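Proteins get letters first, then strands, A, B, ... in listed order; numbering begins at 1 in each. Just so it is clear, the values below take in all heavy atoms, side chains as well, and ignore hydrogens, waters and symmetry mates. This one's a predicted model, so the numbers in the text were calculated from it and none came from an experiment.
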There are 2 protein chains.
Amino acid sequence: MVKAARKDALENRARIIEVARREVAASGVAELRLNAIAKEAGVGQGTLYRHFPTRETLLVEVYRQEVDDLVGLAPRLLETAEPVDALAQWFDQVAEYARVKRGVLAAVEASVWRGITNRSLGPIGDAITLLLDAGRAAGQIREDVDAGDVIVLIGYLSRLDEDEWSRRAHRPLRIVLDGLRRR
Amino acid sequence: MVKAARKDALENRARIIEVARREVAASGVAELRLNAIAKEAGVGQGTLYRHFPTRETLLVEVYRQEVDDLVGLAPRLLETAEPVDALAQWFDQVAEYARVKRGVLAAVEASVWRGITNRSLGPIGDAITLLLDAGRAAGQIREDVDAGDVIVLIGYLSRLDEDEWSRRAHRPLRIVLDGLRRR
DNA sequence: ACCTGAACACCGTTCAAGT
DNA sequence: ACCTGAACACCGTTCAAGT
């Protein structure tokens, strides 16, 4: 219970994110009850809405670390592997994150589904573009694809049940990868 | 207002489906309010639940015609085209249905996401299996894929906005198709 | 047997009142 | 400035009472 107003707000915000992160890890994105998060975080619902006007803005914060990790991984993979192999490894990492933090991709996908004028597909989109461009330059990736195509195709990862994971996660990724190759 | 009980029930059921179908066509699957459907159909909510215990059972009926069309199309395409081409044409038809009746695939997908013991993927799954098997027999399709892989990959079609359609519908399908080819 | 619709439960969202 | 939490809106689902 700190007095300084500004500090209060920041702490509230941090606590909301922390609680939401824990809740999502435990029960998944779909189960995320905003009112419950507010209560657990010890704030009023209005405070949650002040900090996060939409459900999505909250989820972006919840997954910020994971998204940053994935974005940072792309250029590093390109330093040590052929572009297509880098893409394959990056896919594997996405799958791994999606398994542990179901819904890492959910927020990303949302940006693709909506709006004609989505100038950017966000950081994840940029990472994919980087990988695709490198692959194209090396003649390994087909010319006619963009990051949005890849995002819609790998989005299934955020909807797989834990049960289905081992059976369904990796094979479709391989299909996508092979489909992206230059023929 | 017919008296015969059995007939009454059948008529109610038919009217519910009809209203739901119109509503889905107008506003999409996501906007489907079950209580509103009941009211519009002139029945109590309980009656709707008697006939359709879950939202999904209603949607299956709403899309029955379209699903039947797609299932019937697969063997016919195989009569006149090489398996991979048949698959390509079948994909195009799925895309076309998904555009007009957003959510044709939604009910189908649900069967994939849930349950370890999904012995069957339903009629759509059977149709895809037919196409894949023919392709494998002809040496055109890779050995290590099944209908479930294809369903999770093409599921994005049911989530595309109308705006995004022209830009995003077909290219990912091509990627999937090429990824399914034997290399 | 089948149907009705009030009532309950649940969750997101707003806003008047507080500090 | 920022926060609280009662209150409202909305929708799915149930069930006692009707026919």
For atom NZ of K7(A) and atom C1' of dC3(D), their distance in whole Å: 18 Å
Side-chain donor or acceptor of Y97(B) paired with backbone N/O of D69(B) under 3.5 Å: no
Beyond-backbone contact of L180(A) with V84(A), side-chain heavy atoms, under 4.5 angstrom: no
Nucleotide dG12(C), atom P - distance to CD of E56(A) in whole Å: 15 Å
V60(A) backbone acceptor or donor facing R64(A) side chain under 3.5 Å: no
d(CZ, R50(B); P, dA17(D)) in whole Å: 17 Å
Atom pair CZ/CG of R171(A) and L153(B) - distance to nearest 0.5 Å: 10.5 Å
Any side-chain heavy-atom pair of F91(B) and V176(B) under 4.5 Å: yes
Side-chain heavy atoms of Y156(A) within contact of L173(A), under 4.5 Å: yes
Result of checking R55(B), R13(B), R15(B) against E61(B) for salt bridge (Lys or Arg N to Asp or Glu O under 4.0 Å): R13(B)
For atom CD of E31(A) and atom C1' of dG12(C), their distance in whole Å: 16 Å
Beyond-backbone contact of E40(A) with N35(A), side-chain heavy atoms, under 4.5 angstrom: no
Strand DNA chain D as a dot-bracket string - pairs counted if Watson-Crick or G-U with both distances under 3.5 Å, | where the partner lies in another strand: ||.|||||...|||||.||
H51(A) vs dC2(D): side-chain N/O to OP1/OP2 distance below 4.0 Å: no
Sugar-phosphate only, base, or nothing, as touched by L48(A) at under 4.0 Å among non-hydrogen atoms: nothing
Euclidean distance, atom CG of residue D8(A) to atom C1' of dT4(D) [Å, nearest integer]: 12 Å
Sidechain-backbone polar pair: R142(B) side chain, G179(B) backbone, donor-acceptor under 3.5 Å: yes
Side chain of R33(B) (C-beta onward), nearest among dG12(D), dC3(C), dT4(D): dG12(D)
Atom pairs under 3.5 Å, N or O on each side, protein against nucleotides 13-15 of chain D: can you list them with distances?
unit_1	atom_1	unit_2	atom_2	d
dT13(D)	OP2	Y49(B)	OH	2.5
dT13(D)	O5'	Y49(B)	OH	3.4
dT13(D)	O4	Q45(B)	NE2	3.2

Any N12(A) side-chain nitrogen or oxygen under 4.0 Å from OP1 or OP2 of dC2(D): no
Sugar-phosphate only, base, or nothing, as touched by L32(B) at under 4.0 Å among non-hydrogen atoms: sugar-phosphate
